[in-house]
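Written out below as C-alpha cells is the structure these notes cover.
Throughout, a chain's letter reflects where its sequence line sits, starting with A, and its residues are numbered from 1.
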Number of protein chains: 2
Amino acid sequence: MTKGRGKGRGSPYRVQVLERALAILETLAGNESEPTLIELSERLGLHKSTVHRLLVVLEQYRLVERNQQGGGYRLGLKLFELGSKAVARLDLRERARPYLEQLVYETGETAHLCILDHGEALCLEKVEPPRSVRVPTNIGQRHPAHCTAVGKALLAFLPEPKLDDLIKRQGLRAYTRNTITTPAQLKEDLERVRQLGYAVDNEEVEEWLRCIGAPVRDYSGEVVASISIAGPNFRLTDDKIPMLAKVVIETADQLSAELGYRGASSQAGVGEVSQGQVGL
Amino acid sequence: MTKGRGKGRGSPYRVQVLERALAILETLAGNESEPTLIELSERLGLHKSTVHRLLVVLEQYRLVERNQQGGGYRLGLKLFELGSKAVARLDLRERARPYLEQLVYETGETAHLCILDHGEALCLEKVEPPRSVRVPTNIGQRHPAHCTAVGKALLAFLPEPKLDDLIKRQGLRAYTRNTITTPAQLKEDLERVRQLGYAVDNEEVEEWLRCIGAPVRDYSGEVVASISIAGPNFRLTDDKIPMLAKVVIETADQLSAELGYRGASSQAGVGEVSQGQVGL
DNA sequence: TATGGCATCTCACAATATGAAACAAGGAGG
DNA sequence: CCTCCTTGTTTCATATTGTGAGATGCCATA
C-alpha cells in the first residue's frame with residue numbers, strides 16, 4: 001500500500017527491489033538510533049519478510065551492519081569505502097584542507113568546503129577550531145543553497161536559467177525569519193555577492209549562526225566550490241564582517257590558485273573590483 | 001551465463017537485482033576510468049538493457065552520475081553522503097585528526113588512522129606532511145591486516161580464535177618478499193607487538209615502504225583503532241625506528257586518553273620499553 | 001513456565017525483472 | 001553526402017524472480 005512513496009518525478013524506469021533497498025539505506029541514514037527489523041518494516045510500510053531478505057543481502061555486501069549479536073541495523077562501512085571513491089575524483093578535498101586550516105587559524109572560526117550538487121551545497125570538508133561554539137554541520141551533509149554563505153557563493157556564479165531552474169525545483173524554504181524567500185530578493189543578494197566577492201549568511205538558516213563564504217575557481221575560471229567560516233552572531237558582528245570577509249576571500253583565492261586559476265586578478269580582486277558590474 | 005559470479009559463500013538469501021546493482025557500484029569503484037554502458041554490461045556479463053535500467057534508477061537516486069551529456073558513468077556523491085553518515089557514529093575520525101596532525105608535525109611522515117573491519121584495516125583518516133614521498137594510500141581504502149603496521153597493531157590485541165578465523169578466511173597473501181606468510185611467524189610478530197607496544201611494517205606490502213603503528217584504546221580498554229606513520233625505507237631506518245615508535249606510541253596513548261582510556265599506564269610504558277630488540 | 005519481541009524460514013502465487021530485438025542518435029570515415 | 005559503426009533508449013512477451021502471509025525458532029524478561 002502507498003506504493004510510489006514520494007520521489008515525485010514520474011520516471012520511466014522503476015526497479016522495485018532496488019528502490020526499496022535504497023529506501024532502507026536512506027532510512028538508516030536519517031535515523032540517529034539503530035532501528036530494528038520491525039521498526040524498519042513499519043516505517044517503510046513493507047513486510048517483515050521483504051525487509052529481512054533485503055537486509056541480509058545488504059549485510060552480505062557490507063552496506064549494512066548489525067549492532068552486534070542482535071541490536072539494530074545501521075549503515076555499513078562499505079558505504080564509506082564507496083563514498084571515498086566517489087569524492088576521490090574531486091581531489092579538491094585534500095588540496096583544500098591546508099587552506100581551511102589556515103582559515104581556522106586566522107579567524108578562530110569553523111571552516112567549511114562545499115560544492116554545488118543538485119542544487120544543494122554538499123559539505124566536503126570541515127575544520128574546527130580547538131574550542132568553539134558547536135556549529136551544527138557535518139562532512140557529507142547537504143545544506144540548502146539559498147540561505148547559506150557557501151550556497152550563495154556558488155549560486156552567484158551560476159548562469160541565470162540554471163538558477164531559475166533550481167529555484168523552481170528546490171523552492172526557497174524559510175528556516176528563520178531572515179531567510180530569503182523570494183527569487184527577486186535572492187537575485188539581488190547574489191548580485192551583491194558578485195560585487196563584493198563574498199557571501200553572507202546572516203542567521204538565515206539558524207537563529208544565532210552567521211557565515212561568510214567565498215567562491216573557489218579552477219584552472220578554467222569556473223566556480224567549482226566555495227569555502228566559508230561559520231560562527232555565532234556575537235563573534236561575527238556587522239563591524240567585523242568586512243575584515244573577516246577579506247581573509248576568507250584571500251584564502252579562497254589562494255586555493256583557486258592552487259587549482260590552477262590564474263585569474264586576471266579579476267573579479268573580486270579584494271581591493272578594487274567593485275567598481276563596474278561584474279556581470280553575471 | 002555465469003550466474004553466481006564469485007562471492008563464494010553460498011548464502012541462503014539472494015536478490016538478483018540488488019546483487020547486480022551492487023556489482024555495478026563495485027565495478028565503478030574499482031575502475032579509474034569511467035566506463036560506458038556497454039563496457040559495463042560486458043564486464044558484468046549482463047545485457048545492455050538490464051544494466052541500462054539499473055543505471056537509470058541508480059542515477060535517480062544519485063548513487064551514480066554521468067560524466068556530462070554522454071561520457072561514462074561514475075559513482076555519485078550520494079554515496080559520499082551515506083558513507084559520511086556511516087562513519088559518523090565512530091566519531092573517532094574527528095577526534096583523532098589533531099593527533100594525526102601532531103604526529104605528522106613531529107615526525108614529518110604521513111600519518112594514518114585505521115580500524116579493523118572484517119579482517120582488514122580500513123583507513124579512516126590520513127594526514128600528509130607538506131611535501132613528502134607519496135604514500136600510495138587513500139582514505140576509505142582497505143589494506144591487508146597481516147602486512148601493515150596499522151593492521152598488526154590491531155590484530156595483536158584480538159582474541160586468538162578470532163585471529164585464527166581471520167587468517168583462515170583471508171589467508172596470508174605475499175605482497176613482497178618480506179611479507180609474513182605463515183600463521184606461526186605472524187603470531188610471533190604479534191607477540192612482539194604486544195611486548196613493545198608498537199608494530200612495524202618492514203616493506204611487507206610495498207618494496208620501499210615502512211610503517212610504524214600503535215594501538216588506540218577506548219574507555220573500556222579495548223583496542224578500537226590504530227595509528228601509524230608511513231615513509232620510505234631511507235628515512236625510516238632501523239636505527240631511527242625505536243625513537244619514532246616512541247612518538248607514535250605517545251600519540252596513540254594521548255588519543256586513547258581522549259577516548260576515555262585511563263590505562264594503568266600499562267603495556268608499552270613508552271619510557272623503558274625499547275631496550276629490547278626492535279626486531280624485524 | 002509463560003509471554004512477548006524479534007529474527008528467520010517456507011511456500012504458492014503473480015507481479016516483477018529480464019533480455020531479444022527494434023529504434024534513435026551521433027560521429028567517423030570514405 | 002551517405003554509410004557504417006558505436007552507444008544509448010524503448011518496447012514487449014515471457015517465466016524468472018521477488019513477494020508477503022503465516023509458521024517457526026530464539027532469547028530475553030516477567
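Here the P atom of nucleotide C:dT10 and the CZ atom of B:Arg14 are 16 Å apart, to the nearest Å. Put simply, CD on A:Gln60 is 14 Å from C1' on C:dT8, counting in whole angstrom units. What separates CG of A:Leu18 from P of D:dG18 is a distance of 11 Å, to the nearest Å. Per the geometry, CD belonging to A:Glu19 stands 11 Å off P belonging to C:dT16, to the nearest Å. We find that CZ of B:Arg20 is positioned 9 Å from P of D:dG18, with the value rounded to whole Å. Atom CD1 in B:Ile38 sits about 7 Å away from atom C1' in D:dG8, given to the nearest Å. When the C1' atom of C:dA7 is taken as reference, atom CD of A:Glu42 falls 14 Å away, rounded to whole Å. Atom NZ of B:Lys48 and atom P of C:dC23 are 13 Å apart (whole Å).
The aromatic rings of B:His146 and B:Tyr175 sit tilted, their planes meeting at an angle between 30° and 60°.
The shortest distance between the side-chain N/O atoms of B:Gln16 and the OP1/OP2 oxygens of C:dT18 is below 4.0 Å.
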Can you pull every protein N or O that's under 3.5 Å from an N or O on nucleotides 10-14 of chain D?
from	atom 1	to	atom 2	distance (Å)
D:dT10	OP2	A:Tyr13	OH	3.2
D:dT10	O4	B:Ser49	OG	3.0

Enumerate, atom names and distances included, each donor-acceptor pair closer than 3.5 Å involving a side-chain atom of residues 153-164 of chain B, sequence neighbours excluded.
from	atom 1	to	atom 2	distance (Å)
B:Glu160	OE2	B:Lys187	NZ	2.9
B:Asp164	OD1	B:Lys187	NZ	2.7

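Take A:Glu125 and apply the side-chain contact (heavy atoms from CB on, under 4.5 Å) test, not counting sequence neighbours, and it matches A:Arg93, A:Arg97, A:Leu100, A:Leu113, A:Ile139, B:Arg97. Shown here are the side-chain contact (heavy atoms from CB on, under 4.5 Å) partners of B:Glu222, two or more places apart in sequence or in another chain: B:Asp218, B:Ser220. Remark: A:Lys78 pairs with A:Arg62, A:Leu63, A:Glu81, A:Leu82, B:Glu26 by the side-chain contact (heavy atoms from CB on, under 4.5 Å) rule, at least two apart or across chains. The side-chain contact (heavy atoms from CB on, under 4.5 Å) test applied to B:Val17 returns A:Val15, A:Val17, B:Leu54, not counting sequence neighbours.
The 5' end of DNA chain C is approached more closely, in terms of each residue's nearest nucleotide, by A:Tyr73 than by the other of A:Val15 and A:Tyr73.
As judged by a 4.0 angstrom heavy-atom cut-off over every strand, B:Thr36 is placed among residues touching the sugar-phosphate backbone only.
Applying side-chain hydrogen bond (donor to acceptor under 3.5 Å, both in side chains) to A:Asn31 and the options A:Arg74, A:Glu39, A:Arg43 leaves one that passes, A:Arg43.
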